[in-house]
Amino acid sequence: MFALKLLILALPLELAVAQLMHGLFKDFLPAPALLLHPLLALVVVLIVSRRLTRDDLKRQDSIVLMAVVLLAIPCVYHIAQGNWWDLRFLLLGVGSLLLGVMLAGSGGIRFVARPLAMGLIVWCVAVVLAFVADTFQLLDFHEGARHYSLDQLVLAMRYPDSIDLDLYYPKLTGNWNKASNIIVLASMFLMIAIYRDRPARPLFLTAMATMSVVSVLSYSRGGMLVSAGLGCFNLLLLLWIPQADRRSWALAALVMILPLAVSFCLPAMRVAWFDMSSMDQRMVLAYQAIEFEALGLGAGSGGAWGALMKVVQPVLNLLLGIGVGTYGEKLVGNPFAGTHNMFLDMFIAGGLIQVLGLLVLIGYSWLVVLSKGLRSVTQMIGGMAILAVVVLAFREFDLNYLGVLALPALLFGWLIGEALGHPSGAAMARHRERV
């Protein structure tokens, strides 16, 4: 049991370890964060298999398991055809999502939330220090940058290709939008931890404060907007929060709103808010992706079998997709490339079956919240977090962040578990006694 707990710690600490490895060793190794894959895969397989062989399975709703199976079917099909990106998505995406739902049902949020908060603080501090170091480097080599304001510096380093310098800040941050998405989900997860784990509240608030700084530096508009909306919702939940807990709860909610407020107070950022050119580019990507899917890649080209496959392959593509990474590999030579739309990416990679699995999971979770969870703080938080993922999915969200991290799927699964009211009765009874 102790060894199992140590393995679980690998997941909440994953973001800090992976991004630090990426930032420090990218020049020496092509993809240093991929070194974590064997460990993370081992963690997910061991924990999920252990829980599936126990009575935990009986506590999982059959509809959730059906949705997970739908998510997994296209992965198995493409793995059989030799697509190893689907194996990563199956283990670190689908597997981590199921693991999150299971862990939410175990009532062990304290065990996961504290190391997650520590890992987030380490990562955020490293990002801020890298930003400061890169700022001095930029000021030394570009005289024009000496006249930049803080918001202009942020926007300049937001697009490092325009700067002929080797910057560490972009490497440690990774993909700004996807990092911002992790911040949004982690913030909602920590709101639940603040509600349940009073002794560790200073740690959780510190993590949320450092994440808000990184959110401003990353200048991911969608992430800041969704975070602010969730922060306002959390303020409304003060009506359900016990009097003794309201100060820390309100402070955490305001921290989530802060990045958006700061970005509108800084002139250059305020102007950039109304630049919609990136949205036009994403619409072009969406149309390209739909045409790409319609090509029926993989169809045979000769003989009776080839003629049959020309008919069958487009149907298989429609139902099962063309495999994770295939779109980016074929179109731009980069398996990480996508359409900036999770639903469209999943349709291309896993077909209608995988999209259906995701929609069943989201729809059923919200149905439970609306029917049974409107008096439960944690269920409402889980439901709003799921809604946030739906919104973020139309800009750039990924269960398996750049094919590397399992944390987005783990947090998403945990919040689904909260929305379904999965935390154990014993854990909730202890909380009611405490408050």
Q: How many angstroms lie between CD1 in Ile386 and CG in Leu185, if you round to the nearest 0.5 Å?
A: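 Going from the CD1 atom of Ile386 to the CG atom of Leu185 covers 10.0 Å.
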Q: Look only at the side chain of Thr326 and the backbone of Ile322, and say whether a donor-acceptor pair between them is shorter than 3.5 Å.
A: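 Yes.
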Q: Measure the spacing between CE of Met118 and OG1 of Thr206 and express it to the nearest 0.5 Å.
A: 11.0 Å
Q: Report yes or no: does Arg196 contribute a side-chain atom to a donor-acceptor pair with the main-chain N or O of Ile109 at less than 3.5 Å?
A: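 Answer holds: no.
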Q: To the closest 0.5 Å, what do you measure between CZ (Phe204) and OG (Ser187)?
A: 12.5 Å
Q: With heavy-atom distances below 4.5 Å as the criterion, would you say the side chains of Met256 and Met208 are in contact?
A: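 Of all side-chain heavy-atom pairs linking Met208 with Met256, at least one is under 4.5 Å.
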Q: Taking salt bridge (Lys or Arg N to Asp or Glu O under 4.0 Å) as the cut-off, I'd like each qualifying pair that reaches into residues 249-265, sequence neighbours left out, listed once.
A: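 For residues 249-265, and leaving out neighbouring residues, there are no salt bridge (Lys or Arg N to Asp or Glu O under 4.0 Å) pairs at all.
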Q: When you measure from the side chain of Ser215 to the backbone of Met211, do you find a donor-acceptor pair of N or O atoms at a distance under 3.5 Å?
A: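 Checking the backbone N and O of Met211 against the side chain of Ser215, no donor-acceptor pair under 3.5 Å is found.
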Q: Say you draw a straight line from CG of Leu97 to CE of Met102; how long is it, rounded to the nearest 0.5 Å?
A: 11.0 Å
Q: Check each of Tyr219, Tyr169, Phe136 against Phe131 using the ring-ring contact (aromatic ring centres under 6.0 Å, His included) test, and report the only one that passes.
A: Tyr169
Q: I want to check something: taking the side chain as every heavy atom from C-beta on, are Leu411 and Met188 in contact at a cut-off of under 4.5 Å?
A: no
Q: Look at the side chain of Glu418 and the backbone N and O of Gly382, then say whether any donor-acceptor pair between them is shorter than 3.5 Å.
A: no
Q: Report yes if the side chains of Thr135 and Val132 come closer than 4.5 Å at any heavy-atom pair, otherwise no.
A: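 Counting from C-beta outward, Thr135 and Val132 never come under 4.5 Å.
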Q: Pair Cys75, Gln354 - check side chain to side chain contact (heavy atoms under 4.5 Å, CB included), show working.
A: CA-CA 9 Å; Cys75 296; Gln354 201 163 77; 3.6 Å; yes
Q: Any non-hydrogen side-chain atom of Asp245 less than 4.5 Å from a side-chain atom of Arg198?
A: yes
Q: Are more than 12 heavy atoms, taken from residues, nucleotides or ligands other than Arg247, located less than 6.0 Å from that residue's CZ atom?
A: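 Counting other residues, nucleotides and ligands, CZ of Arg247 stays at 12 neighbours or fewer.
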Q: Nearest heavy-atom pair of Leu235 and Ala253: which atoms, and what distance?
A: CD2-CB, 3.6 Å
Q: With no hydrogens and no angle check, do the side chains of Ser376 and Thr378 hold a donor and an acceptor under 3.5 Å apart?
A: yes
Q: Can you list every salt bridge (Lys or Arg N to Asp or Glu O under 4.0 Å) pair that touches residues 113-135, not counting sequence neighbours?
A: Arg114-Asp197
Q: Has Asp86 got a side-chain atom pairing as donor or acceptor with Val76's backbone, closer than 3.5 angstrom?
A: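 Not at all, since once roles are kept as given, no pair shorter than 3.5 Å links the two residues.
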Q: What's the separation between atom CG in Leu205 and atom CH2 in Trp249, rounded to the nearest 0.5 Å?
A: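 If I round to the nearest 0.5 Å, the distance is 11.0 Å.
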Q: Can a donor-acceptor pair be found, under 3.5 Å and without considering hydrogens, that links the side chain of His78 to the backbone of Ile73?
A: no
Q: List the atom of Ala207, the atom of Leu190, and the distance in Å for their closest heavy-atom pair.
A: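 Closest approach of Ala207 to Leu190, heavy atoms only: CB-CD1, 3.9 Å.
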Q: Take Leu399 and Val94 through the test side chain to side chain contact (heavy atoms under 4.5 Å, CB included) and record every step on the way to the result.
A: CA-CA 8 Å; Leu399 294 178; Val94 179; 5.7 Å; no
Q: Less than 4.5 Å apart, side chain to side chain, heavy atoms only: is that true for Ile381 and Phe189?
A: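 SC-SC contact between Ile381 and Phe189 ruled out.
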Q: Locate the shortest heavy-atom distance separating Met384 from Phe233; write the atom from each residue and the value.
A: CG-CE2, 3.1 Å
Q: I'd like to know if the side chain of Asn234 reaches the main chain of Leu230, judged simply by a donor and an acceptor atom lying under 3.5 Å from each other, with no hydrogens or angles considered.
A: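 Between the backbone of Leu230 and the side chain of Asn234 there is a qualifying donor-acceptor contact (under 3.5 Å).
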Q: Could you give me the CA-CA distance, side-chain angles and deciding distance for Ile362 and Phe412, then say whether side chain to side chain contact (heavy atoms under 4.5 Å, CB included) is met?
A: CA-CA 10 Å; Ile362 292 171; Phe412 185 39; 4.3 Å; yes
Q: I need the minimum non-hydrogen distance between Ala228 and Leu260, along with the two atoms involved.
A: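 So the two residues come closest at CB-CD2, 3.4 Å.
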Q: Between Met346 and Leu71, what is the shortest heavy-atom contact and its length?
A: CE-CD2, 3.5 Å
Q: Ser227 side chain to Gly223 main-chain N or O, any donor-acceptor pair under 3.5 Å?
A: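 Pair absent, no side-chain N/O of Ser227 close to backbone of Gly223.
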Q: At what distance, to the nearest 0.5 angstrom, does CG of Leu129 lie from SG of Cys124?
A: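 It comes to 11.0 Å.
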Q: For Leu407 and Leu116: C-alpha separation, side-chain torsions, deciding distance, then whether side chain to side chain contact (heavy atoms under 4.5 Å, CB included) applies.
A: CA-CA 10 Å; Leu407 187 59; Leu116 174 65; 4.1 Å; yes
Q: Considering only heavy atoms from C-beta outward, does the side chain of Met342 approach that of Leu358 to under 4.5 Å?
A: yes
Q: If you look at every heavy atom in Asp398 and Lys178, which pair is closest and at what distance?
A: OD2-NZ, 3.7 Å
Q: I'd like to check Leu120 versus Thr210 (side-chain heavy atoms, cut-off strictly below 4.5 Å). Are they in contact?
A: no
Q: Is the shortest heavy-atom distance from the side chain of Ile348 to the side chain of Leu344 under 4.5 Å?
A: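 They are in side-chain contact.
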